Amino acid sequence: MVIQFFDTYTRTVRPFEPLHADEVGLYTCGPTVYDYAHIGNLRTYIFEDILRRTLAYNGYKVRHVMNITDVGHLTSDADTGEDKLEVGSRRTGRTAWDIAEEYTGAFKDDLARLNIVEPTIWCKATDHIAEQIETIRAIEANGFTYATSDGIYFDTSKLPDYGYLGRLDIEGLKAGSRVDTGEKRNPTDFALWKFSPAGSKRQMEWDSPWGIGFPGWHIECSAMAAKYLGSYFDIHCGGEDHITVHHPNEIAQSQACCNTRLANFWMHGYFLQLDETKMSKSSGEFLRLQTLIDRGYDPLAYRYFCLGAVYRAKLNFNWQSFDGAVTALNRLRQTAFEWGAPGDAVDEGYRTRFLEMINSDLNMPRALALVWELVRSDLPAPVRKATLLDFDRVFGLGLTEWQPAVQSIPDAILALVEERQRARAEKRWKDADALRDQITDAGFEIEDSPQGARVRAKS
RNA sequence: GGCGACGUGGCCAAGUGGUAAGGCAAAGCUCUGCAAAAGCUUGAUCACCGGUUCGAGUCCGGUCGUCGCCUCCA
């Protein structure tokens, strides 16, 4: 079946065809590890995971590369700010290397808790300094660089179609620029290599043909993507914020050194908004996945929440709608659990419709609606179960593993339950209701059924 | 100031020009000693105005509003 993805480069939905028959090359921009990820960041990684799982569901092998930016990402893209890792180091009194390691670990934990499949290859910027230097040399040899007092820069005016991905209005940028461009020749020029400040030693710095310093932020992606996937591969992903700066710069670098636009498809995840405002690390509420967990939420509820919207539109987060996702996921889990063991065969009709939906640019809301239709269908439970578990290869909600939590109910509560059962048997309704109130006040829920009373801790 | 996106029932959110998916919440009903849980049922003409069309949420123009990028950002 044809897979259609929206490609930011052409701004069209177009059929996806792998460049190589055997394997799809996928590069996803990873985190800068100077702080924890917030749930807005994680939305993008969930989108990329759905993309990867969709490719796999269609039978493709995927070679997935994700970078860890542990050096070079400045606090300002004007190339005048500080390295984020160095700032974090000063803030905490620990080394930049320690900080990078800690936040890398925290990031990987978050991915695991969201059931995000690990990349085939992780790559750290600091492990690939030589490759980055080589890439810069190639760009330099082709005449796209110039030096200033603080570094080696890419001259974007040498590329007639610089910024095409972002549909940048170069003249408009010049006119409306609010940033001092310093020694840069054009506002869109960017650093390939930055010199260590004279007289001070950075924690992270390397020798290079141009002097001691560190690589610019954009070069790592071009260099590492080319190393692991080749200079032209299938799909490159990132957040929507990369459409206008980071990705055009990656493309420029690849054009300058390899004469390719790096990737056949460019796909971008859109922001999570908090009460109609962007969630950011510098201002506003900073919700981490751990924050949700601390409030008693299952991290996979956040994954379900994200599946409720298409990746290519902003998604508004508030507690009312998030609680809705929590309830929906729990109902789905409980229902599926009660279906019992899956049968051998999935329902082909549902499977075909499912495939159509995920292959239409990852329309997960539609796919989820199909799940609820399946839940209400009159197919035999084993077929429904097998079909749902098959879909979950893409949803990644862990429905195969899920089972109701085994809860230990305190003996005191069990005694109250028993007493209530006696009262009910003797039709002492007032006593029974009083006992139920006692149990409820203690934080437990009671459900009467033909098989007897069930107790569980209130969620 | 420059550029761009969006505005669908209480909340979140799909939607290929042909008479509005789904989830949550709410209400009613069934079940229940009463509840809970579960099941069933019930709501929207798509910000506003004008235009194109046999027909527009879906295309064009305008108004209002919100948001994003141009500062760090997924």
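Each chain gets a letter, A, B and so on, in the order the sequences are listed, and its residues count up from 1. All values reported here derive from a predicted model rather than from experimental measurement. Values below: every heavy atom of this structure, side chains too, minus hydrogens, waters and symmetry copies.
- Distance alone, capped at 3.5 Å, places no donor-acceptor pair between the A:Arg424 side chain and the A:Trp429 backbone.
- Using a 4.0 Å heavy-atom criterion, one finds that A:Arg454 contacts no nucleic acid atom at all.
- As rounded to the nearest Å, B:rA20 and B:rA44 have C1' atoms that lie 8 Å from one another.
- Between A:Arg456 and B:rA36, a side-chain N or O to OP1/OP2 separation shorter than 4.0 Å is absent.
- Along RNA chain B, the nucleotide nearest A:Gly269 and the nucleotide nearest A:Ala309 are compared for position; the residue whose nucleotide lies closer to the 5' end is A:Ala309.
- In this structure, CG of A:Leu272 is placed 14 Å from C1' of B:rA13, rounded to the nearest angstrom.
- As the counterpart of B:rG10, B:rC24 is assigned, both hydrogen-bonding distances of the Watson-Crick or G-U wobble pattern falling under 3.5 Å.
- Separating the C1' atom of B:rG4 from that of B:rC11 is a span of 27 Å, rounded to the nearest Å.
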**OP:** For A:Tyr302 and A:Leu114, run side-chain contact (heavy atoms from CB on, under 4.5 Å): C-alpha distance rounded to whole Å, both residues' side-chain angles, the deciding distance at 0.1 Å, then the answer.
**Re:** CA-CA 8 Å; A:Tyr302 180 63; A:Leu114 288 168; 4.2 Å; yes
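- Shown are A:Thr69, A:Ile68, A:Asn41, A:Thr104; of these, the side-chain contact (heavy atoms from CB on, under 4.5 Å) with A:Pro31 is made only by A:Ile68.
- Candidate nucleotides B:rA74, B:rC12, B:rA14 were compared by shortest atom distance to the side chain of A:Val310, and B:rA14 ranks first.
- In this structure, A:Asp431 atom CG and B:rG33 atom C1' are separated by 13 Å, rounded to whole Å.
- Minimum atom distance to the side chain of A:Asp433 is reached by B:rC34, of the listed B:rC34, B:rA74, B:rG68.
- For A:Glu373, the CD atom is densely surrounded, since the number of other residues' heavy atoms within 6.0 Å is greater than 12.
- Between A:Phe322 atom CZ and B:rG23 atom P the separation is 19 Å, expressed in whole Å.
- With distances taken from any side-chain atom of A:Arg376 to the nucleotides B:rA74, B:rC12, B:rG23, the minimum falls on B:rG23.
- Per the geometry, CG belonging to A:Leu362 stands 13 Å off P belonging to B:rA14, to the nearest Å.
- Distance, A:Asn186 CG to B:rC70 P: 18 Å, rounded to whole Å.
- Between the P atoms of B:rA5 and B:rC49, the separation comes to 24 Å (whole Å).
- Across the P atoms, B:rA47 and B:rG10 are found 13 Å apart, a figure rounded to whole Å.
- Applying the 90° cutoff around 0 to the glycosidic angle, B:rG68 is assigned anti.
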**OP:** Start with the C-alpha gap between A:Arg53 and A:Asp49, add the side-chain angles, then the distance that decides, and say whether salt bridge (charged side-chain N to carboxylate O under 4.0 Å, His left out) holds.
**Re:** CA-CA 6 Å; A:Arg53 287 168 176 269; A:Asp49 187 53; 2.8 Å; yes
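- For A:Glu447, the side-chain atoms get nearest to B:rA37 when compared with the rest of B:rG23, B:rG68, B:rA37.
- You'll find that the side chain of A:Leu315 is closest to B:rA13, out of B:rA13, B:rG33, B:rA21.
- With B:rC34, B:rA74, B:rC24 as the choices, the nucleotide that has an atom nearest any side-chain atom of A:Thr327 turns out to be B:rC24.
- Donor-acceptor pairing under 3.5 Å, judged by distance alone, is present between the side chain of A:Arg436 and the base of B:rA35.
- Under the Watson-Crick or G-U wobble criterion, with both distances below 3.5 Å, B:rC59 is paired with B:rG51.
- Distance A:Leu307 CG to B:rC24 P: 15 Å, rounded to the nearest Å.
- Taking the C1' atoms as reference points, B:rG7 lies 15 Å from B:rC12, given to the whole Å.
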**OP:** For A:His242 and A:His268, run ring-ring contact (aromatic ring centres under 6.0 Å, His included): C-alpha distance rounded to whole Å, both residues' side-chain angles, the deciding distance at 0.1 Å, then the answer.
**Re:** CA-CA 8 Å; A:His242 289 334; A:His268 297 90; 7.7 Å; no
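- Remark: A:Arg420 engages A:Asp448 in a salt bridge, criterion side-chain N to carboxylate O under 4.0 Å.
- Between A:Arg331 and B:rC24 there is a side-chain N or O to OP1 or OP2 distance below 4.0 Å.
- Heavy-atom contacts from other residues, nucleotides or ligands closer than 6.0 Å to CD of A:Glu101 number 12 or fewer.
- Under 3.5 Å, the side chain of A:Asn363 and the base of B:rG15 form no donor-acceptor pair of N or O atoms.
- Pair assignment for B:rG1: B:rC70, on the basis of Watson-Crick or G-U wobble contacts that are both within less than 3.5 Å.
- Exactly one of A:Asn359, A:Ile3, A:Asp361 qualifies for a side-chain contact (heavy atoms from CB on, under 4.5 Å) with A:Phe16. That residue is A:Ile3.
- Listed nucleotides B:rG33, B:rA74, B:rC34 differ in distance to A:Asp448; the shortest reach to its side chain belongs to B:rC34.
- The partner of B:rC34, taking Watson-Crick or G-U wobble pairs whose two distances both stay under 3.5 Å, does not exist in any strand shown.
- Nucleic acid contact for A:Trp429: base, since at least one base atom lies under 4.0 Å from a heavy atom of the residue.
- Nucleotides B:rG15 and B:rG68, compared at atom C1', are 23 Å apart to the nearest Å.
- The residue A:Gly308 sits close only to the backbone: its heavy atoms come under 4.0 Å of sugar-phosphate atoms, none of a base.
- With both ends at atom C1', the span from B:rU8 to B:rU19 equals 16 Å, rounded to whole Å.
- The side chain of A:Thr44 has B:rA74 as its nearest neighbour among B:rA13, B:rA74, B:rA14.
- Atom P of nucleotide B:rA74 and atom OH of A:Tyr36 are separated by 16 Å, given to the nearest angstrom.
- Looking at the side chain of A:Ala369, the nearest of the listed nucleotides B:rC69, B:rG68, B:rA21 is B:rA21.
- The residue among A:Phe305 and A:Ile446 whose nearest nucleotide of RNA chain B is located toward the 5' end is A:Phe305.
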Any N/O pairs under 3.5 Å between the protein and nucleotides 5-10 of chain B? List them or say none.
{"residue": "B:rG10", "atom": "N2", "partner": "A:Gln320", "partner atom": "NE2", "Å": "3.4"}

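- To the nearest whole angstrom, the two C1' atoms, one in B:rG57 and one in B:rA21, are 14 Å apart.
- Between A:Phe190 and A:His218, the ring planes are perpendicular. Angles over 60° get that label, and only those under 30° would be called parallel.
- One interatomic measurement links the two molecules: CD of A:Glu356 to C1' of B:rU16, which rounds to 13 Å at whole-angstrom precision.
- Not a single ring pair (Phe, Tyr, Trp, His ring centres under 6.0 Å) links A:Phe6 to another residue, sequence neighbours left out.
- Nucleotide B:rG43 has no partner under the Watson-Crick or G-U criteria, as no pair reaches both atom distances under 3.5 Å.
- When the nucleotides B:rG22, B:rA38, B:rA74 are ranked by their closest atom to the side chain of A:Phe271, B:rA74 comes out on top.
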